[in-house]
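To keep things clear, I will list the structure first and then write my remarks on it.
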There are 2 protein chains.
Amino acid sequence: MTHPVVIALGGNAILRRGQALNAENQRENIRVAAAQLAEIHNNHKLVIAHGNGPQVGLLALMGAAYDAVEPYPLDVLGAETVGMIGYMIEQELGNIIPADDHIVTVLTQVVVDSKDPAFKNPTKPVGPVYDRSEAERLQAEKGWAIAPDGPHFRRVVPSPEPRRIIEIEPIRLLVEAGIVVICAGGGGIPTAYNGSKLYGVEAVIDKDLASGLLARSLNAKQFVMLTDVPCVYTGFGTDHQRAIRRAHPDALEEFDFASGSMGPKVEAACRFVRETGHLSSIGRLRNLCEIVEGKAGTLISNVVDGIEYADDPR
Amino acid sequence: MTHPVVIALGGNAILRRGQALNAENQRENIRVAAAQLAEIHNNHKLVIAHGNGPQVGLLALMGAAYDAVEPYPLDVLGAETVGMIGYMIEQELGNIIPADDHIVTVLTQVVVDSKDPAFKNPTKPVGPVYDRSEAERLQAEKGWAIAPDGPHFRRVVPSPEPRRIIEIEPIRLLVEAGIVVICAGGGGIPTAYNGSKLYGVEAVIDKDLASGLLARSLNAKQFVMLTDVPCVYTGFGTDHQRAIRRAHPDALEEFDFASGSMGPKVEAACRFVRETGHLSSIGRLRNLCEIVEGKAGTLISNVVDGIEYADDPR
């Protein structure tokens with residue numbers, strides 16, 4: 001069999017910052033992404049993962065606005081976004097690849113350890129903003145953790161480490177048959193075991209770490225994370241910012257990257273490269289084809305010596 | 001290969017009439033259904049379809065309550081319910097079948113003919129109720145068809161005939177590998193072609209007709225529709241009501257059945273039996289095992305002579 005390329009679409013590939021959260025904007029952005037993904041499908045087995053942050057927030061807001069029914073838990077909202085986003089990716093990509101090729105969206109449950117230290121330290125903000133009194137009421141009533149968010153408060157939930165993908169065998173079967181698979185949406189639906197019983201947990205799994213687990217589990221030949229910058233930088237946002245063209249995992253991990261954004265991407269990339277010996281890349285959607293060819297973005301590989309910087313980040 | 005049993009869960013297997021539309025009620029009902037489905041999985045390849053009427057209505061209400069974003073179209077809401085319901089069925093069933101067995105939820109797009117006569121005669125009520133002035137405003141603004149619903153008005157949408165399941169090849173591959181597949185949720189996401197491009201349509205596909213298409217496409221050995229009555233009756237609700245134990249499609253179709261409920265079930269069953277020569281059954285969830293053995297519910301088969309009535313409907 002040939003190994004697949006696993007591509008993780010950042011949230012901004014589906015909904016750009018500041019855009020209204022409506023279906024039409026999502027579909028237009030997904031259409032742009034689909035054109036790039038179709039090029040990869042021409043030459044590689046393709047597995048697509050994606051974020052769901054804005055979408056799960058939207059569903060939480062809609063649920064809060066309709067008070068005749070108590071709000072749905074995060075695991076169920078996550079499952080809903082997987083249907084929403086998977087559908088649009090599948091339809092738009094299906095419209096531009098050959099008619100005989102197949103795409104399938106697979107609901108993905110990801111197991112976390114119920115004793116993960118993240119459960120004692122919830123950090124990931126989700127859902128609507130509240131004023132202090134409302135936030136404190138919800139904290140008392142529902143046992144939520146809350147944290148300040150500018151002048152407001154938001155619920156924060158744990159972001160535990162993904163351990164295992166429940167549906168990995170069906171996903172592998174589909175990939176081996178040459179079917180494009182959309183899965184691990186939003187980092188997968190967070191679940192844990194109580195004895196032998198799986199249940200949904202109120203958490204959010206980092207999309208990049210979950211995609212990395214997916215890529216390792218499938219022994220992907222390349223694991224690509226798409227974001228809104230052209231590559232990984234040292235000193236990002238400073239006068240000494242430098243674009244990284246290629247790096248060995250050991251060299252890359254000597255730097256600190258932003259914990260909410262580039263940090264988990266670098267962590268996921270390095271772990272994938274160490275475990276599989278294959279390539280990982282980080283870059284921008286519009287450069288996807290060049291990224292897969294190693295000509296754009298940042299390439300992380302065991303065979304690179306140290307770090308090579310780029311003069312022309314793209 | 002062995003042929004699968006296709007089981008269509010009625011909406012009331014997931015949410016009973018009058019129950020609050022919350023996640024906990026859905027999960028409890030699904031847990032009951034899962035216990036029955038697990039028994040079938042022990043002896044047969046299993047494919048599960050399900051309704052989504054109450055859930056798609058709920059998402060429409062939530063969307064209407066949150067007016068910062070314009071409401072999502074029906075195809076996207078349908079995709080969301082497929083994630084929500086598929087997740088709960090997959091998790092509950094997964095918790096009671098052997099640990100090495102696999103279940104997968106597959107997002108399903110169903111193609112309808114854009115010239116289907118149903119598009120000229122929308123009949124299926126969806127979403128919230130409105131008063132007359134609001135309904136007329138929405139009719140003018142969005143081009144919706146509206147219809148009276150008691151003292152209120154509701155949007156009505158077409159219910160076109162399902163023609164083809166886009167994901168049938170991946171579904172077949174999974175079924176042949178012995179994986180339990182949850183698909184065609186809510187009758188599938190309604191789509192149509194504009195030239196070679198697939199797009200979502202504002203319609204609702206009858207769940208029983210879509211499940212029947214699924215069962216025919218997979219050449220199922222048995223196609224079971226579960227509902228809230230123990231079997232098909234002639235003269236249902238009259239003094240002359242008689243329970244049907246077994247029937248030939250020709251004999252069954254001589255009767256009229258309620259267009260919104262038993263009618264499409266009988267239509268789907270008869271078409272399945274005629275095209276495949278295999279068995280179809282209609283009955284109640286709690287009798288599922290006996291139904292699959294032909295010992296409860298109504299069995300529709302080419303080898304039955306006319307109609308046989310039952311003394312003890314179950």
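Values reported hereafter were calculated over all heavy atoms of this structure, with side chains retained and with hydrogens, waters and symmetry mates removed. In what follows, chains are A, B, ... by sequence order, proteins preceding strands, each numbered from 1.
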Is a side-chain donor or acceptor of A/His50 paired with a backbone partner of A/Leu9 at a separation under 3.5 angstrom? no
Which region of A/Thr191, side chain (C-beta onward) or backbone (N, CA, C, O), has a non-hydrogen atom less than 4.5 Å from a non-hydrogen atom of chain B, or is it both or neither? side chain
Interchain contact, B/Leu58 with chain A, by part (heavy-atom threshold 4.5 Å): side chain
Region of B/Gln26 in contact with chain A, defined by heavy-atom distances below 4.5 Å: side chain
Checking heavy atoms, do the side chain of A/Ile85, its backbone, both or neither come under 4.5 Å from chain B? neither
Should the pair A/Arg31-A/Glu28 be classified as a salt bridge under the 4.0 Å nitrogen-to-oxygen rule? no
Specify the closest pair of heavy atoms between A/Ser114 and A/Tyr199, including all atoms of both residues, with the distance to one decimal. CB-OH, 3.9 Å
Honestly, the part of A/Val69 sitting under 4.5 Å from a heavy atom of chain B is side chain
Is the number of heavy atoms from other residues, nucleotides or ligands within 6.0 Å of CD (B/Glu70) greater than 12? no
Residues, nucleotides or ligands: over 12 heavy atoms within 6.0 Å of A/Arg137 CZ: yes
Measure from NZ or CZ of A/Arg155 to the centre of the six-membered ring of A/Tyr130, then state whether that distance is under 6.0 Å and the direction lies within 45° of the axis. no
Choice from B/Ile189, B/Ile166, B/Val82 maximising heavy atom contacts with chain A below 4.5 Å: B/Ile189
What part of A/Leu61 lies closer than 4.5 angstrom to a heavy atom of chain B: side chain, backbone, both or neither? both
Contacting moiety of A/Leu198, where chain B heavy atoms sit under 4.5 Å: both
Taking every non-hydrogen atom, the tightest pair across A/Pro4 and A/Leu218: CD-O, 4.0 Å
For A/Glu167, is it the side chain, the backbone, both, or neither that has a heavy atom closer than 4.5 Å to a heavy atom of chain B? side chain
Measuring heavy-atom distances to chain B, does A/Glu92 have an atom under 4.5 Å in its side chain, in its backbone, in both, or in neither? neither
Go through A/Tyr193 and A/Arg164 one step at a time and tell me if the side-chain hydrogen bond (donor to acceptor under 3.5 Å, both in side chains) criterion holds. CA-CA 11 Å; A/Tyr193 279 104; A/Arg164 192 163 72 81; 3.0 Å; yes
When A/Met62, A/Met88, A/Glu24 are compared by non-hydrogen pairs under 4.5 Å with chain B, the top option: A/Met62
Engaged part of B/Leu174 at the chain A interface, taking heavy atoms whose separation is under 4.5 Å: both
For chain B, find which of A/Pro73, A/Pro170, A/Ala68 contributes the most heavy-atom pairs closer than 4.5 angstrom. A/Pro170
Over all atoms of both residues, closest heavy-atom pair of A/Tyr87 and B/Gly200: OH-CA, 3.3 Å
Quick check: closest heavy atoms across A/Leu173 and B/Ala177, and the distance to 0.1 Å? CD2-CB, 3.5 Å
Need one label for A/Asp75: side chain, backbone, both or neither, based on atoms under 4.5 Å from any heavy atom in chain B. both
Counting only heavy atoms closer than 4.5 Å, note whether B/Ile182 contacts chain A via side chain, backbone, both or neither. neither
Heavy-atom contact with chain A under 4.5 Å, split by part of B/Gln91: both
